[in-house]
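Can you keep this structure in mind? I'll have questions shortly.
Here is the naming used below: chain letters follow the sequence lines, and residue numbers restart at 1 for every chain.
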There are 2 protein chains.
Amino acid sequence: MKYADRMGKLNASEIRELLKVTDRPEIISFAGGLPAAELFPIEQMAAACMTVLENDGEKALQYSTTEGLAPLRKWIAERENSRIGTKLTADNILITHGSQQALDLIGKLLINKDDVVLCESPTYLSALNVFKTFEGNILEVQTDEEGMIVSDLEQLLASTANVKLIYAIPTFQNPSGKTWSFERKKQILAIANRYDVAVIEDAPYEELRYSGEATPPMFSFPQSENVLRTGSFSKILCPGLRIGWIAADSKVIEKLVLIKQSTDLQSNTFAQRQIFQFIQDHAIDEHISRLIQVYRLRRDAAISAIETYFPKNIQYTHPKGGLFIWLELPESINTTDLLQKSLEQNVAFVSGESFYAEKPRYNTMRLNFSCMDEKRIEAGFKILGELISNELKDE
Amino acid sequence: MKYADRMGKLNASEIRELLKVTDRPEIISFAGGLPAAELFPIEQMAAACMTVLENDGEKALQYSTTEGLAPLRKWIAERENSRIGTKLTADNILITHGSQQALDLIGKLLINKDDVVLCESPTYLSALNVFKTFEGNILEVQTDEEGMIVSDLEQLLASTANVKLIYAIPTFQNPSGKTWSFERKKQILAIANRYDVAVIEDAPYEELRYSGEATPPMFSFPQSENVLRTGSFSKILCPGLRIGWIAADSKVIEKLVLIKQSTDLQSNTFAQRQIFQFIQDHAIDEHISRLIQVYRLRRDAAISAIETYFPKNIQYTHPKGGLFIWLELPESINTTDLLQKSLEQNVAFVSGESFYAEKPRYNTMRLNFSCMDEKRIEAGFKILGELISNELKDE
């Protein structure tokens with residue numbers, strides 16, 4: 001069979017492959033981006049299923065509109081309005097099969113072969129594969145503690161033809177855990193507007209804040225017509241139902257609906273109704289507060305274990321929310337080799353190299369702290385700290 | 001915002017737009033391809049939800065593998081083996097968000113810009129949009145009562161560069177209701193193999209047979225490495241859960257898994273477990289038998305109403321299964337105009353023109369008979385028959 005050219009560019013997600021191994025209960029895994037399953041509101045979801053099937057069973061199992069369940073779209077619009085001060089209606093929302101599909105649909109909407117996509121360095125690796133699917137060329141914008149570096153972005157835009165899209169995760173970034181400053185968001189959006197380049201503001205972690213104050217997202221700024229915002233129930237409720245959304249100008253949503261039709265007709269009707277029923281019957285804010293309480297303790301345990309067990313000459317981020325800590329080890333350490341050694345001791349993480357679009361840094365790694373309790377975090381980080389110390393001793 | 005070139009080619013599905021209108025209870029609709037909602041096993045699905053959430057709640061709501069739920073893949077493989085004599089294992093099956101997504105993933109796998117896709121005339125319109133998404137050029141193969149016409153396919157393959165794919169719905173085709181003969185399947189696959197062209201055998205309706213004997217699908221033939229088979233629970237269980245699959249050579253499945261990763265990570269974990277629980281607890285064959293009983297009566301009512309109420313100088317198919325009858329009216333009648341008049345009388349159908357990749361025939365129409373009972377079929381077909389007769393009288 002003769003495959004399309006794009007197949008030469010796609011790489012298997014190292015993480016998804018790794019997850020098959022880390023499923024074993026004896027593994028202490030900091031590898032995935034998995035939310036804590038013990039916090040899923042299973043009983044309430046069961047009640048929501050029953051209510052939906054009793055009241056609206058035929059509709060819940062039937063085809064429905066491509067746009068998504070109207071009251072769910074309205075609810076998302078109004079929640080965004082109250083959280084970030086936008087003026088959205090249901091017409092600004094398309095329901096998707098998770099925010100990964102949101103990226104796929106936006107890729108289809110915007111990217112021609114050889115169009116350029118600019119992204120953070122490092123960035124979410126499965127976004128890289130989306131842009132490669134549409135044969136885009138991906139360039140890294142250098143990134144510091146406050147976000148993309150303005151001068152680097154300016155220089156890339158001035159010197160590169162066919163830049164179509166800037167991809168950013170400004171809050172609790174995957175993989176780095178970093179959050180953009182308000183000033184930086186203003187600067188980056190102004191530049192994007194000046195060059196008439198679209199911006200994806202990927203925001204799946206935004207509600208999981210454990211410390212510090214939020215600043216408004218770019219999507220809420222006055223001149224944000226070029227911004228497409230992607231969101232998801234995966235991290236605030238559960239990922240197994242694969243329900244996310246795109247918020248954008250209603251004309252853009254109309255185009256995305258066309259694309260969604262040929263991609264998979266519509267999102268799962270039952271899952272949409274199930275989630276809508278859950279948020280009718282339960283205060284999702286209270287559920288999120290509970291997640292935040294638990295995850296904050298885990299983040300604190302992770303940071304404290306790094307301070308206790310890791311050698312001093314490593315760099316690591318101090319995330320104010322989200323699921324990830326990013327580490328930069330001395331350059332002598334290759335984290336792919338380190339991963340092999342740590343798997344032998346039943347501890348998993350992800351080496352950082354695959355998060356780079358252009359120039360992989362082999363001494364980086366991502367640690368997820370959301371799906372292990374504090375005891376396992378301490379035990380696992382201790383093993384990692386010792387392994388890293390040993391590597392450095394050997395030199 | 002500057003859209004990608006593909007956006008110039010995509011058309012809104014007339015049917016999906018029409019479905020928004022036909023949702024009103026007073027409308028007698030033959031427009032959609034909707035299964036009969038009153039036959040959905042709602043109570044059994046509710047029981048399945050409860051069992052899954054009680055026994056495996058955390059897993060059911062969590063991320064899982066891109067390939068799909070292992071026991072469900074195995075079940076599908078074994079069911080295919082017993083139905084059509086294949087020797088599949090779970091490795092030959094990828095779970096998708098409906099068979100529409102199966103087409104999207106295969107499009108990504110195979111189609112470069114300007115690659116040629118050959119399809120039946122007429123064919124499933126949302127498949128056309130998939131191939132357009134990947135900027136393929138679509139050519140129609142002339143089709144008779146037994147399938148694609150061999151000489152036309154031969155001639156197209158001999159005279160056209162870059163043919164990558166043949167798209168076919170050999171059993172109870174959408175929109176025509178036609179079924180390929182065994183002989184024709186052998187001939188077409190032999191030609192496809194000779195030219196090393198992949199074949200999609202789209203088989204969502206295959207199990208809904210009301211009369212006649214099935215012949216083996218191309219996918220079960222000895223030299224079928226180039227055939228990708230797509231299937232779905234939408235028509236044999238319910239479409240709202242959006243669970244379908246691709247059956248193919250395991251090496252091809254591996255590539256499709258890569259694509260699925262960047263497209264939406266995985267299919268809904270809960271929906272997969274829900275369906276798997278349902279088929280553990282209930283004999284799906286009995287459920288399908290019940291569907292067949294009901295749909296057979298509806299097909300018979302539809303054919304009989306055409307014989308009674310429609311003028312004699314129209315042509316129509318006599319489907320042995322599936323959901324659709326296809327009509328060819330005298331050329332003086334434009335079915336898009338006819339649709340406006342029939343909507344005024346609260347009867348909906350789909351005009352045939354959008355099912356053509358190249359040369360639309362404006363005097364054709366598709367009638368779905370699965371989601372209205374016999375009384376409404378008779379009432380609605382009577383109105384249609386009178387409208388058509390009136391059109392012809394006016395001449």
- Task: Check B:Leu53 against A:Ile42 and note the closest heavy-atom contact, atom names and distance.
- Result: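 Of all heavy-atom pairs spanning B:Leu53 and A:Ile42, the closest is O-CG2, 3.5 Å.
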- Message: How long is the straight-line distance from NE2 of B:His97 back to CD of A:Gln266, given to the nearest 0.5 Å?
- Response: 11.0 Å
- Drop me the distance from A:Tyr3's OH to B:Leu258's CG, to the nearest 0.5 angstrom. 10.5 Å
- With respect to chain B, which residue among A:Val257, A:Leu109, A:Thr269, A:Leu103 yields the maximal number of heavy-atom pairs within a distance under 4.5 Å? A:Leu109
- Item | Residue B:Lys164 versus chain A: region with a heavy atom under 4.5 Å |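 It is the side chain, since no backbone atom gets that close.
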- Query: Can you say whether A:Ile111 sits under 4.5 Å from chain B via the side chain, the backbone, both, or neither, judging by heavy atoms?
  - Reply: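 Only the backbone of A:Ile111 comes within 4.5 Å of chain B.
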- Return the minimal non-hydrogen interatomic distance between A:Arg6 and B:Phe134, and the atom names on each side. NH2-CD2, 3.7 Å
- Query: To the nearest 0.5 Å, how far apart are OG in A:Ser262 and NZ in B:Lys132?
  - Reply: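 That separation rounds to 10.0 Å.
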- Message: Using a strict threshold of under 4.0 Å (side-chain N to carboxylate O), is an ion pair present between A:Lys2 and B:Asp115?
- Response: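 Looking at A:Lys2 together with B:Asp115, the answer is no, because their closest N to O distance does not fall below 4.0 Å.
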- Does some side-chain heavy atom of B:Met1 sit less than 4.5 Å from a side-chain heavy atom of A:Asp249? no
- Non-hydrogen atoms of chain B under 4.5 Å away: do they reach the side chain of A:Leu228, the backbone, both or neither? side chain
- Query: Where does B:Val252 contact chain A at under 4.5 Å (heavy atoms): side chain, backbone, both or neither?
  - Reply: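 Both backbone and side chain.
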- Message: Between B:Leu256 and chain A, with a heavy-atom cut-off of 4.5 Å, which part of the residue counts as in contact: side chain, backbone, both or neither?
- Response: neither
- Side chain, backbone, both or neither: which part of B:Thr263 has a non-hydrogen atom closer than 4.5 Å to chain A? both
- Message: At a 4.5 Å cut-off on heavy atoms, which part of B:Ala198 comes close to chain A: side chain, backbone, both, or neither?
- Response: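 Only the side chain of B:Ala198 comes within 4.5 Å of chain A.
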- Decide, yes or no, whether a salt bridge links B:Lys260 with A:Asp104 under the criterion of side-chain N to carboxylate O below 4.0 Å.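 No, no charged N to carboxylate O under 4.0 Å.
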- Query: Shortest non-hydrogen contact from A:Pro35 to B:Gln62?
  - Reply: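 Scanning both residues completely, I find the closest heavy atoms to be O-NE2, 2.9 Å.
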- Task: Please flag which part of B:Ser99 lies under 4.5 Å from any non-hydrogen atom of chain A: side chain, backbone, both or neither.
- Result: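 Neither part.
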- Tightest non-hydrogen contact, residues B:Lys108 and A:Lys108, listed as CE-CE, 4.3 Å
- Atom CD in A:Gln261, atom CG in B:Asn129: separation rounded to 0.5 Å?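 If we round to the nearest 0.5 Å, A:Gln261:CD and B:Asn129:CG are 7.5 Å apart.
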- Task: Between chain A and each of B:Leu34, B:Leu10, B:Asn226, count heavy-atom pairs under 4.5 Å; write down the option with the most.
- Result: B:Leu34
- Examine whether an atom of B:Phe233 lies under 4.5 Å from a heavy atom of chain A, and if so say whether it belongs to the side chain, the backbone or both; otherwise answer neither. neither
- Query: How long is the gap from SG on A:Cys238 to CD on B:Glu58, to the nearest 0.5 Å?
  - Reply: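 So the SG of A:Cys238 and the CD of B:Glu58 are separated by 11.5 Å.
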- Contact summary for A:Met7 and B:Ile259, nearest pair of heavy atoms: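 Reported closest heavy-atom pair: SD-CD1, 3.5 Å.
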- Query: Given a strict heavy-atom distance threshold of 4.5 Å, which part of B:Phe270 is in contact with chain A: side chain, backbone, both, or neither?
  - Reply: both
- Message: Within this structure, what is the CZ-CG distance for the pair A:Arg242 and B:Leu265, rounded to the nearest 0.5 Å?
- Response: 5.0 Å
- Any idea which heavy atoms bring B:Gly33 and A:Tyr63 closest together, and the distance? O-CE1, 4.0 Å
- Message: Would you say that B:Cys49 contacts A:Gln274 through its side chain, given a criterion of any heavy-atom pair below 4.5 Å between the two side chains?
- Response: no
- Query: What part of B:Glu54 gets closer than 4.5 Å to chain A, counting heavy atoms only: side chain, backbone, both or neither?
  - Reply: neither
